[in-house]
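Taking it in order: structure first as structure tokens, then the write-up.
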Amino acid sequence: MSATLAELATRFDCELKGDGNVAIDTVGTLASAGETAIAFLANPLYRSQLQHTRAAAVIIEPRWVDDCPVAALVCDNPYAAYARIARLLCPRQPRPAGVHASAVVADDVSLADNVYVGPHATIGPGTQIGAHVSIDAGAVVGANVEIGAATRLEPRVVIMDDTIVGARCVLHAGAVVGSDGFGFARENFEWLAVPQLGRVVIGDDVDIGANTTIDRGTIEDTVIGTGVKLDNLIQVGHNVHIGEHTAMAALVGIAGSARIGARCMIGGAVVIVGHIAICDDVMVTFHSSVLRSISEPGTYSSGIDADVASRWRRNAARLRRLDESQRLSTE
Amino acid sequence: MSATLAELATRFDCELKGDGNVAIDTVGTLASAGETAIAFLANPLYRSQLQHTRAAAVIIEPRWVDDCPVAALVCDNPYAAYARIARLLCPRQPRPAGVHASAVVADDVSLADNVYVGPHATIGPGTQIGAHVSIDAGAVVGANVEIGAATRLEPRVVIMDDTIVGARCVLHAGAVVGSDGFGFARENFEWLAVPQLGRVVIGDDVDIGANTTIDRGTIEDTVIGTGVKLDNLIQVGHNVHIGEHTAMAALVGIAGSARIGARCMIGGAVVIVGHIAICDDVMVTFHSSVLRSISEPGTYSSGIDADVASRWRRNAARLRRLDESQRLSTE
Amino acid sequence: MSATLAELATRFDCELKGDGNVAIDTVGTLASAGETAIAFLANPLYRSQLQHTRAAAVIIEPRWVDDCPVAALVCDNPYAAYARIARLLCPRQPRPAGVHASAVVADDVSLADNVYVGPHATIGPGTQIGAHVSIDAGAVVGANVEIGAATRLEPRVVIMDDTIVGARCVLHAGAVVGSDGFGFARENFEWLAVPQLGRVVIGDDVDIGANTTIDRGTIEDTVIGTGVKLDNLIQVGHNVHIGEHTAMAALVGIAGSARIGARCMIGGAVVIVGHIAICDDVMVTFHSSVLRSISEPGTYSSGIDADVASRWRRNAARLRRLDESQRLSTE
């Protein structure tokens, strides 16, 4: 796919600086893009690369356009414009429609038009698969599942019985949706399994990362709102609700029955305990613990940057005596 | 399945308050249960929902029964009673016995009665599968494995060679048991793989969560005691021993050769370093690090609750100078 | 396999103490080894087991040889010598060459000599598989992948399109390599997927742990250097570079575009934020957070050892007011 810079400017509502006739056929970084590629500047960390770029053009904010040595597409959100242009120039190759001979599809499965079912995939009885859905090699879809149109299951995804998945979702390789929640009643120091009878219900345009796990509800449902983006190796416990357009980086853990608001941004390896609520528009930074409900939008942290080990050991030892030492000093 | 309230009271040793003739056919939460459902109150957080419940009855402790506006089954451990009642009313549908035509089962595998082997599952030579075992789609069971009666392998579980799994275990989707431990000898700044020759030995009634990984021992075995419950995305390193009836929430990491006692409760995302011992009856709260052995039962913590980021940044900066500032102040 | 102690001493360049004619046919721990087994002492924690060992011989450093009650192979790096001897005595059984009838291999796949492709494995078009490669049950290898000689894919590994894997690598069960990076542009509080066009390029002699995930680059490649060892459940974000012979324990998270140097050792559950650089020869201890670049070799920490919960609660409460209290005390 190729387009002129002028065509891209028009199509994606950018202001054009420079020669609009240049043909662009791919994308690149500021450092690596060649003469038919378009690059972008979104993260100020990479601004120093601007002056040496050999890209045909750069997608850039107005405030930095004067520093750009090549043609530019100027707009307020260069990363979003880049995303759209990259999708135009470098589209994903869709899977061909059809069910592979080795797939095991129950007799009463409803397959809409243009569905792809790859080698060794299995689909259980009563399941409904929307149009243009792609179910890749080795994926396992249980019974009575509903999958919305144009959703894509990468290899070896597992969707357990009764799960509802919306349209245009992407479930990355190895993700597990609808596994039993971790529900046990303690009795005489032993654990008695509590049946996990709820479902997982996933909205539209949701991404679920590789090897991420989402447990089904205990009685009611685990709910993932429309537009939610979950990175790899995330754990979502039973009965959790995640509000629309919330994004979470890898290795986040959300314990059972927590409620996360809409448009939140949860950093990598954050841990959120169970039975609490986080309101809309909260950002939690890397490796923090959320042990209480949060009711005010804003940014929250408890991550501690690593220090030279010998110094950290002394500081951590002081921390372990902090209450004692402060009580002494105020006596 | 349906039962009268009086039948449930008798069968599960509860005291009945109200009309014993009401027919109960399902379970629900205090907030959602309808007129043929039984709910429970176990977590005081949900006590306020009691007064508005429309459940047919509530399983409840004696101390709260007076607040219950509907019929009640009164007992000391409502959550355990709920678990039993839910299992009676909403039983899991067992897989039908039989080996799917697409499964690959080695010639000398010993399959006891009523075993289910799903599509695209594979079972290696020398393996023995107990009665009523269910091995779901895409699961891979290696050579010389033993699986006890009524154990359930969810889709895509991997059990590597020589593993021993007890009876009535549940291995959730994507779990990996018996992978090589992370054993490398360093030599001239390179790493030399150390053969991982031990096994994983799992007791009865063990649950292993989705995408959890348990490494085989280096020389001796990794041992998971009877009744242990492991949530999703947990890492158990080589040579680890976990005592009976210990439970661990998601994303816990246990480094090699650690020994965890019986009846411990390990919170989500706790990290336990290698070569240490934790005694019986220890609870470790969310996101703590255990860097030394623990020899006294009790509750241990080092998780820090997230705070408003600007305030946390100032506190964390002070922490990085804590030793220095305290030394100065005492000079 | 069996060898005399004298043969082992000669072959692995150790000094022999005691009877060289003893036949050794297996390995063991100091505590468990029997009379035909060789044990080793590498970790001083286990030194007390030396005096009671019933091993035929012990691999040991010169400084401890006088305490050894049995024959010894003396060398400077006993663990490395043990690794080599264990590999000789207890070699891994290679998979037999051949493609299982149930595997789905695209027509134009190039398979070198002595390749094993197990049941229900799939290999996409354009892929090249080197000699002696083993692709175990249920593994999914995408299109245009290259896998170097003698690399081993354990069950259910997924390698997405265009990935390059070197020679003699081991990818453990459930690992996912080449999944889409977590790249989304935010626009009007919604997320727009950014195409992930780069590859994952993995050097020789790399180990990738069970259920570990490595994302493909956004534009350029995610690069894993030769000799890197990654444990289980690790997340490697898009565009990350990991230098040669770096090792990382389980549950580490590396956010996008971070650059990790060579010969680093990253402890379990460490989190490294995106867009930073860590120089060569850095060690980061258990459960630390790396929130800024590190430019000096050395050991870094921010993990906090769990304390008795009631005491920790008081200390953590003081920490939350640390800045305030110190400002007050200096006014």
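The structure presented is a predicted model; accordingly, all values stated were derived computationally and were not measured. Reminder, nothing fancy here: chain letters follow the sequence lines and each chain counts from 1.
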| task | May I ask you to decide whether B:Arg84 forms a salt bridge with A:Glu187, counting only side-chain N to carboxylate O separations under 4.0 Å? | result | yes

| Contacting moiety of A:Arg320, where chain B heavy atoms sit under 4.5 Å | side chain

| said: Between A:Ser302 and B:Ile304 (side chain of the first, backbone of the second, donor and acceptor by atom type, cut-off under 3.5 Å), is there such a pair? | reply: yes

| Flag, side chain of A:Asn315 to backbone of B:Asp323, donor-acceptor distance under 3.5 Å | yes

| note | Of B:Ala42, B:Ala316, B:Ala247, B:Ala262, the largest count of non-hydrogen pairs under 4.5 angstrom with chain A goes to B:Ala247

| task | With a 4.5 angstrom heavy-atom cut-off, could you sort out which part of B:Asp136 is near chain A: side chain, backbone, both or neither? | result | neither

| said: Is any side-chain heavy atom of A:Val194 closer than 4.5 Å to one of B:Arg87? | reply: no

| task | Measure distances from B:Arg92 to the heavy atoms of chain A and classify the residue's part below 4.5 Å as side chain, backbone, both or neither. | result | side chain

| query | Just by distance, do the side chain of B:Trp312 and the backbone of A:Gly303 share a donor-acceptor pair under 3.5 Å? | reply | yes

| message | Quick check on B:Asp76: does its CG atom have over 12 non-hydrogen neighbours (other residues, nucleotides or ligands) under 6.0 Å away? | response | no

| task | Can you tell which part of B:Leu319 gets under 4.5 Å to a heavy atom of chain A, answering side chain, backbone, both or neither? | result | both

| field | Interface residue of largest heavy-atom contact number with chain A, from B:Arg311, B:His172, B:Glu244, under 4.5 Å | value | B:His172

| note | When the 4.5 angstrom heavy-atom criterion is applied to B:Ser102 and chain A, the contacting part is side chain

| said: Determine whether a donor-acceptor pair (N or O, by modelled atom type, separation under 3.5 Å) exists between the side chain of A:Trp191 and the backbone of B:His245. | reply: yes

| Side-chain (B:Asn232) to main-chain (A:Gln235) donor-acceptor, under 3.5 angstrom | no

| message | Counting only non-hydrogen atoms closer than 4.5 Å, does B:Arg156 touch chain A with its backbone (N, CA, C, O), its side chain (CB onward), both, or neither? | response | side chain

| message | Please rank B:Ala137, B:Ser310, B:Ala249 by heavy-atom pairs under 4.5 Å with chain A and give me the top one. | response | B:Ala137

| message | What I'd like to find out is whether the side chain of B:Val27 reaches to under 4.5 Å of the side chain of A:Leu197, using heavy atoms alone. | response | yes

| remark: Turns out that what part of B:Met248 lies under 4.5 Å from chain A's heavy atoms comes down to backbone

| request: Measure the shortest side-chain to side-chain distance between B:Gln326 and A:Ser325 over non-hydrogen atoms and say whether it is less than 4.5 angstrom. | output: yes

| said: What I'd like to find out is whether the side chain of B:Leu251 reaches to under 4.5 Å of the side chain of A:Val271, using heavy atoms alone. | reply: no

| With only heavy atoms counted, which part of B:Asn77 is less than 4.5 Å from chain A, the side chain, the backbone, both or neither? | side chain

| message | Which one wins on heavy-atom pair count under 4.5 Å against chain A: B:Ala83, B:Cys90, B:Ala81? | response | B:Ala83

| said: I want to check something: taking the side chain as every heavy atom from C-beta on, are A:Ile219 and B:Tyr82 in contact at a cut-off of under 4.5 Å? | reply: yes

| said: Does any backbone or side-chain atom of A:Val282 lie under 4.5 Å from a heavy atom of chain B? Answer side chain, backbone, both or neither. | reply: neither

| With a 4.5 angstrom heavy-atom cut-off, which part of A:Ala143 approaches chain B: side chain, backbone, both or neither? | neither

| request: Would you check if B:Phe286 and A:Leu291 make a side-chain contact, meaning some heavy-atom pair closer than 4.5 Å? | output: yes

| query | Going by distance alone, is a donor N or O of one side chain under 3.5 Å from an acceptor N or O of the other, for A:Ser179 and B:Glu154? | reply | no

| field | Within 6.0 angstrom of B:Asn43 CG, more than 12 heavy atoms from elsewhere | value | yes

| note | The interface call for A:Met160 against chain B, heavy-atom contacts under 4.5 Å, is side chain

| query | So, do A:Arg186 and B:Arg263 sit near enough that their side-chain heavy atoms are less than 4.5 Å apart? | reply | yes

| note | If you tally heavy-atom pairs under 4.5 Å between each of B:Ala250, B:Ala173, B:Gly268, B:Gly209 and chain A, the highest tally belongs to B:Ala173

| said: Counting only non-hydrogen atoms closer than 4.5 Å, does A:Ile214 touch chain B with its backbone (N, CA, C, O), its side chain (CB onward), both, or neither? | reply: neither

| request: Just give me the residue among B:Gly174, B:Gly28, B:Ala33 that pairs up with chain A most often, heavy atom to heavy atom, under 4.5 Å. | output: B:Gly28

